Amino acid sequence: MIFGKKEAKKLLASVLSMSMVFSGSAAVWAEEETETEEIIPYVVEGDYSGETIILHSNDVHGSITGYAAMSALKADYEAAGAEVIMVDAGDFIQGTTYVSTSQGATAVELMNLAGYDVVTLGNHEFDYGYENLVTILEDAEFAVVNTNILYNDEAAFDGSTVITTEGGLTIGFFGVETPETATKAHPAKIQGVTFLAEDEMYAAAQAEADTLAEADCDLIIGLVHLGVDDESEPNRSVDLWANITGVDFLIDGHSHTVMTEGEDGQPIQSTGTVFENIGVIEISAEGEIVDNYLVQTVAYAGSDDAVAAAA
């Protein structure tokens, strides 16, 4: 049952009143509630030889301790025989003081160390200005992809990139940024920057997907910072999915949603925020997505010592 504010206040008042008489019972009830929240430890088991694993994050917002877990999980899958690609769907340079005081430079440093391969950008990447973003990304050891950001009417970033695995699979990644950045970033910090929306955004993403198809990619995956909030319509990840073809999967961000598929079963996955989860996509040796799921970060005990020390 979902309570409104008034009902919740009434319920709270009743509970407080009852607790004055039955404080012992209330304590037992609270303890039982806590005990039901069991966390099941996550361990990589089995043989992943020949498979490719995509690990993904989104909306990290300066939760830097999660990078050590991400890197360690990558090592665990590699130890089990898989080839691992690490990606992010945006909003990584802003949040805690660990990344904000450097205007995102420390986030890039940690992502390099953790081993990221491809990222797209979120609206908060523009909090410190377009020029700052371009400057800190000069040190990035990962590809930055986006299809719908223009600077002085020209493409601001590469629209896509292709990763070829040791097993010979070619996986194309393209990026899409929320058009809401145009109103969520300070106007003085994004002068000359345009964020294509709606039909123009769909067309830009489709053009990049077509380019990847022409390159004979085995899989085409969108890194999209769009989210699924109603107020973001028609620029949500589900709207993009409904208006493009030839794409196999979308890795989403922006709305901080925890999901392994869209509301209507669309192949869209998002991890939430601040490393609540790490996203996993399993790809067979033949290039088929065979599974996708989320690993609760608190349930995973692994940690990369070098990344943890840097954090």
Side-chain angles (χ1 to χ4, degrees), residues 1-8 56-63 87-96 100 104 119-130 133 145-150 156-157 174-191 193-206 208-209 221-245 247 249-277 279 294:
M1 182 180 294
I2 298 175
F3 293 100
K5 289 184 178 179
K6 290 182 179 179
E7 291 83 355
H56 64 90
S57 54
N58 61 271
D59 299 278
V60 171
H61 288 297
S63 183
V87 305
D88 184 271
D91 275 4
F92 50 85
I93 77 169
Q94 175 271 356
T96 68
S100 295
V119 308
T120 197
L121 304 170
N123 52 291
H124 284 291
E125 263 65 75
F126 292 84
D127 283 3
Y128 312 111
Y130 174 76
L133 178 60
V145 294
N146 177 270
T147 62
N148 68 319
I149 300 174
L150 307 180
F157 302 93
F174 68 90
V176 182
E177 163 74 293
T178 175
E180 294 171 9
T181 310
T183 56
K184 291 189 173 183
H186 194 290
K189 295 182 180 295
I190 54 172
Q191 291 183 7
V193 184
T194 302
F195 303 91
L196 301 179
E198 300 183 37
D199 289 343
E200 289 184 317
M201 180 183 76
Y202 308 151
Q206 185 65 69
E208 209 61 46
I221 296 176
L223 299 178
V224 302
H225 194 84
L226 298 174
V228 293
D229 288 338
D230 290 343
E231 57 265 32
S232 297
E233 189 180 0
N235 297 306
R236 304 168 301 173
S237 56
V238 289
D239 301 318
L240 179 67
W241 180 262
N243 285 279
I244 59 176
T245 60
V247 176
F249 203 93
L250 297 181
I251 295 171
D252 197 15
H254 188 49
S255 60
H256 297 185
T257 307
V258 177
M259 64 179 180
T260 56
E261 62 180 20
E263 187 176 38
D264 296 320
Q266 303 95 324
I268 306 172
Q269 184 159 278
S270 184
T271 70
T273 185
V274 296
F275 269 121
E276 182 180 0
N277 300 285
L294 302 174

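In this text the structure is predicted, and so the values were computed from the model without any measurement.
- Note: His254 and His225 have tilted aromatic rings, judged against thresholds of 30 and 60 degrees for the angle between ring planes.
- How far CG of Asn277 is from CE of Met259: 12.5 Å, rounded to the nearest 0.5 Å.
- The two atoms that bring Pro179 and Phe195 nearest to each other are CA-CB, 4.0 Å, heavy atoms only.
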Next on the checklist: As a quick check of understanding, evaluate side chain to side chain contact (heavy atoms under 4.5 Å, CB included) for Val176 and Met201, giving each step before the final call.
Outcome noted: CA-CA 8 Å; Val176 182; Met201 180 183 76; 3.7 Å; yes
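- Ala205 and Leu240 get closest at one heavy-atom pair: CB-CD1, 3.8 Å.
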Checklist entry - After noting the C-alpha distance and the side-chain angles of His124 and Ile93, does the key distance pass the side chain to side chain contact (heavy atoms under 4.5 Å, CB included) rule? => result CA-CA 7 Å; His124 284 291; Ile93 77 169; 5.8 Å; no
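- When all heavy atoms of Ile251 and Ala89 are compared, the pair lying nearest together is O-CB, 3.9 Å.
- Rounding to the nearest 0.5 Å gives a distance of 12.0 Å between CG of Leu223 and CD of Glu177.
- In this structure a side-chain-to-backbone donor-acceptor pair under 3.5 Å is present from Ser270 to Thr257.
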Item to check | Test log, rule side chain to side chain contact (heavy atoms under 4.5 Å, CB included), inputs Gln266 and Leu250 | outcome: CA-CA 9 Å; Gln266 303 95 324; Leu250 297 181; over 6 Å; no
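- The closest side-chain heavy-atom distance from Leu226 to Asp252 is below 4.5 Å.
- Val145 is not listed as a side-chain neighbour of Phe157, based on a closest heavy-atom distance of 4.5 Å or more.
- Remark: side-chain polar atoms of Ser255 are not paired, donor with acceptor, to backbone N or O of Gly227 under 3.5 angstrom.
- Pairing each heavy atom of Thr120 with each of Phe92, the nearest pair is O-CE2, 3.6 Å.
- Note that the CG atom of Asp91 and the CG atom of Asn58 stand 8.5 Å from one another [nearest 0.5 Å].
- Atom OG1 of Thr273 is separated from atom CG of Asp59 by 5.0 Å, given to the nearest 0.5 angstrom.
- What you find for Ala182 and Ile190 is that their closest heavy atoms are O-CD1, 3.9 Å.
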Checklist entry - Taking it one step at a time, do Asp239 and Glu233 satisfy side chain to side chain contact (heavy atoms under 4.5 Å, CB included)? => result CA-CA 7 Å; Asp239 301 318; Glu233 189 180 0; 3.8 Å; yes
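- Every residue was checked against the ring pair (Phe, Tyr, Trp, His ring centres under 6.0 Å) condition with Tyr202, not counting sequence neighbours, and none meets it.
- At least one donor-acceptor pair under 3.5 Å links the side chain of Glu125 to the backbone N or O of Gly122.
- Atom CG of Asp88 and atom NE2 of His56 lie 10.0 Å apart (nearest 0.5 Å).
- Minimum interatomic distance between Ser100 and Tyr128 (heavy atoms only, all atoms of both residues): OG-OH, 3.1 Å.
- To the nearest 0.5 angstrom, Lys189 atom NZ is 12.0 Å from Leu133 atom CG.
- For the pair Ile149 and Val193, the minimum side-chain heavy-atom distance is below 4.5 Å.
- Residues His61 and Gln94 meet the side-chain proximity criterion, which asks for heavy atoms closer than 4.5 Å.
- Without hydrogens or angle criteria, Ser63 side chain to Val60 main chain gives no donor-acceptor distance under 3.5 Å.
- Looking at heavy atoms from C-beta onward, Glu276 lies in side-chain contact with Val258 at the 4.5 angstrom threshold.
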